[in-house]
Amino acid sequence: MRAVQVKEFGGVDVLEVRELSAPQPGPGEVLIDVDVADVMFLDTRLRAGWGQDFFPLSLPYIPGGAIGGVVRAVGAEVDTAWVGKRVVTQTAASGIGGGLPIGGYAEQALARAATLVEIVDGLSTVQAVALAHDGRTSLAVFDHAGVQRDSWVLITAAAGGLGTLLTQLSVAAGAKVVAAARGTEKLALAQRLGATAVVDYSSDGWAERVREITGGGAAVIFDGAGGDIGGRALSATADGGLFLGYGSAAGDFANGDTAAASVRHVTIRGLFDIVGGEIDWQSIARRAQSAVAAGELEVVVGQAFPLEEVRRAHAVIEDRSALGRTVLTIGATV
């Protein structure tokens with residue numbers, strides 16, 4: 001099979017398409033013919049060598065997590081009825097030879113049967129993979145926020161996969177959304193999805209502008225940017241508001257003045273505060289799929305690249321030019 005392999009940490013040039021032996025499913029696993037693989041910001045950071053304390057990787061490795069495709073074979077203890085079904089899932093950390101991890105950037109990949117979600121009719125495999133992380137996370141975060149009708153919501157990284165979904169969910173709930181992103185193309189996307197106002201956080205004073213637009217700050221902040229951007233977003237939270245930091249598109253999670261926020265009775269929650277609880281992830285994944293299939297939500301896939309152009313996929317994420325989700329199209333059933 002063809003797969004992308006990383007032999008050393010570094011820039012996009014360390015991503016190499018190679019011929020490798022196909023994996024075999026073990027007990028509780030399935031083998032999937034991969035049609036689409038998700039490409040995440042986290043993938044680019046791991047490739048560069050970041051986060052080894054949290055995400056230890058043994059070189060060489062195959063990047064990628066979420067995949068969609070057709071189940072080709074099953075291992076022991078797995079229902080054979082899965083064979084031939086179109087599914088979306090996360091890859092399993094099994095091995096080829098000397099323990100090489102099997103990631104999603106490959107023509108075939110392993111997954112644990114317990115993580116499989118069958119793709120609903122009316123949903124493309126590209127859409128399903130784009131929802132694999134963002135669909136579940138957006139619903140979990142949004143459900144936690146308790147967004148109220150006519151309230152103000154600020155969303156940073158608004159043109160990303162999560163941001164585009166949270167914008168639509170907030171608008172559908174009757175809230176007024178301020179979408180924060182960088183550049184006219186991203187802001188135009190946010191407006192198309194229903195944002196009441198947009199701010200470019202490459203401009204000075206953008207957080208103050210948010211406070212002006214909202215009349216004192218947003219009741220809920222969905223922060224997908226993190227870093228200094230997230231810190232300034234925290235300052236744009238209304239007194240008694242809720243700040244939800246779930247992303248690190250700017251490099252790290254938000255680093256704002258939490259003491260000042262506490263004085264203003266701002267509640268701060270991180271992603272792990274939300275997803276660490278009891279959540280039926282299979283159910284929430286099906287809910288996200290059904291919403292897109294029914295036309296209630298639009299999943300924005302701004303870029304799709306063939307496996308051979310994996311370096312371009314990483315590059316557009318790193319240079320901040322990507323809109324929505326980025327995927328690799330590997331097989332024919334997309």
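Bear in mind that the values here come from a model prediction, so they are computed numbers and not experimental data.
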Say whether, by atom type as modelled, one donor and one acceptor occur between the side chain of Glu107 and the main chain of Ala3 under 3.5 angstrom. no
Between Asp134 and Arg325, is there a salt bridge with N-O shorter than 4.0 Å? yes
Which pair of heavy atoms, one from Asp121 and one from Ala293, lies closest together, and at what distance? O-CB, 3.9 Å
Minimum heavy-atom distance Ile317-Thr326, with the two atoms named: CG1-OG1, 3.9 Å
Only pairs at least two apart or in different chains count here, so list each ring pair (Phe, Tyr, Trp, His ring centres under 6.0 Å) that has a residue in residues 199-225. Tyr201-Trp206
Under-4.0 Å salt bridge between Asp33 and Arg86: no
Going through the checks in order, is the side chain to side chain donor-acceptor pair (under 3.5 Å) test met by Thr125 and Asp35? CA-CA 7 Å; Thr125 307; Asp35 290 318; 4.9 Å; no
Would you say His133 and Asp38 are linked by a side-chain donor-acceptor pair, where the criterion is simply a distance under 3.5 Å? yes
Can you tell if the side chain of Ile32 reaches within under 4.5 Å of the side chain of Leu116, non-hydrogen atoms only? yes
Shortest non-hydrogen contact from Ala128 to Gln289? CB-NE2, 4.4 Å
Only residue of Arg47, Arg311, Arg312, Arg45 satisfying salt bridge (Lys or Arg N to Asp or Glu O under 4.0 Å) with Glu318 is Arg47
Can you see which heavy atom on Leu139 is nearest to which on Arg287, and at what distance? CD2-NH2, 3.7 Å
Any ion pair linking Arg209 and Glu212 (charged N to carboxylate O, less than 4.0 Å)? yes
Quick check: does any side chain N or O of Ser138 sit under 3.5 Å from a backbone N or O of Leu166, one acting as donor and the other as acceptor? no
Specify whether His314 and Tyr105 have parallel, tilted or perpendicular ring planes, treating 30° as the upper limit for parallel and 60° as the lower limit for perpendicular. perpendicular
Quick one: closest heavy-atom pair of Ala179 and Leu187, and the distance? O-CD2, 4.1 Å
Using 4.0 Å as the upper bound for N to carboxylate O, is an ion pair formed by Glu118 and Lys85? yes
Please round to the nearest 0.5 Å and tell me the distance separating atom CG of Asp223 and atom CD1 of Ile268. 10.5 Å
